[in-house]
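Quantities reported herein were computed from a predicted structural model and do not represent experimental measurements. We count ligands from 1, going down the list as the structure has it; atoms in each ligand are counted the same way.
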Amino acid sequence: MTGWLRIAGLGPGAEGMVTPEVTAALADATDVVGYIPYVARIAPRAGLTLHPSDNRVEAERARHALDMAAAGRRVVVVSSGDPGVFAMASAVFEVAETEPAFHTLDIAVLPGITAMLAAAAAAGAPLGHDFCAINLSDNLKPWSLIERRLRAGVEGDFAMAFYNPRSKARPEGFARVLDLLRDLCGSDRLITFARAVSTPDQSLRTVTLAEATPQMADMRTVVLLGNRATRRAGRWVYTPRGVS
Ligand code: SAH
């Protein structure tokens with residue numbers, strides 16, 4: 001039997017935001033591998049083995065998935081949102097790179113709707129001009145690099161999406177980010193806190209940087225900072241198409 005590996009994005013939460021090709025891969029799979037809450041979104045069925053694992057074991061999870069595919073199983077590695085955005089796709093290729101036997105495997109990355117795009121859609125169009133995305137977790141990079149990229153994003157007048165803004169392990173990091181942004185952008189800049197987008201717990205809140213507090217974000221929040229031109233249109237927030 002020929003095995004394969006699909007690295008799939010489950011979207012931000014809503015069933016309707018899972019793409020048909022991801023649904024088809026899951027229907028055909030023998031094994032699903034991923035972080036516990038993401039695997040919990042997969043309905044159990046006969047012939048399907050679920051392999052939930054802790055968040056800290058990405059490399060082992062990737063190797064396990066590659067080994068099973070090489071042994072002839074049909075394996076889906078699941079991430080939330082898109083698997084290429086701060087998620088499992090890179091982790092799988094980091095392991096695959098080290099072993100030539102994995103280079104000939106049937107591997108495909110199946111995209112998903114990433115949190116910032118679902119959040120932007122729910123808010124209006126705050127990412128409607130040039131934008132960038134920054135992961136605020138300093139687990140995999142030094143704080144100095146995060147700060148350098150924040151400064152560069154503001155200098156380039158990008159709208160920005162911030163993933164992993166705040167966790168219990170890093171309570172003070174996001175407060176520093178807000179202070180830095182107030183210094184660089186001024187206090188009137190719009191910032192949107194989008195929590196649990198597309199789930200029943202969804203909440204959306206747009207405020208100015210002057211009003212923003214660290215407590216407005218948690219690990220289920222993606223934060224969207226506007227550029228200079230970002231503004232409100234009634235209950236919507238948007239960035240105009242053109243900029244002078
Ligand atoms: N691969 C995922 C991102 C994983 S990093 C994607 O493409 O969306 C985890 C971070 O994503 C969270 O800390 C949060 O910032 C963001 N996130 C994921 N799902 C979200 C949702 N439904 N609503 C808001 N933010 C979300």
(request) Identify whether the distance between the nearest side-chain nitrogen and carboxylate oxygen of E99 and R63 falls below 4.0 Å. (result) yes
(message) Using a 6.0 Å cut-off, check whether atom CZ of R41 has over 12 heavy atoms from anything other than its own residue.
(response) yes
(message) Given a heavy-atom cut-off of 4.0 Å, could you list the residues near ligand 1 in chain and number order?
(response) P12, S80, G81, D82, V85, F86, A87, T114, A115, Y163, N164, P165, A194, A196, V197, M219, R220, T221, V222
(message) Exactly one of L178, L224, V237, T230 should register a side chain to side chain contact (heavy atoms under 4.5 Å, CB included) with I191. Which one does?
(response) L178
(message) One thing to verify: whether D179 and R176 come together as a salt bridge, which I'm taking to mean a side-chain N less than 4.0 angstrom from a carboxylate O.
(response) no
(message) Other residues, nucleotides and ligands only: do more than 12 of their heavy atoms fall within 6.0 Å of CD on E97?
(response) no
(request) Would you mind listing every salt bridge (charged side-chain N to carboxylate O under 4.0 Å, His left out) that reaches into residues 211-222, with sequence neighbours excluded? (result) R195-D218, D201-R220
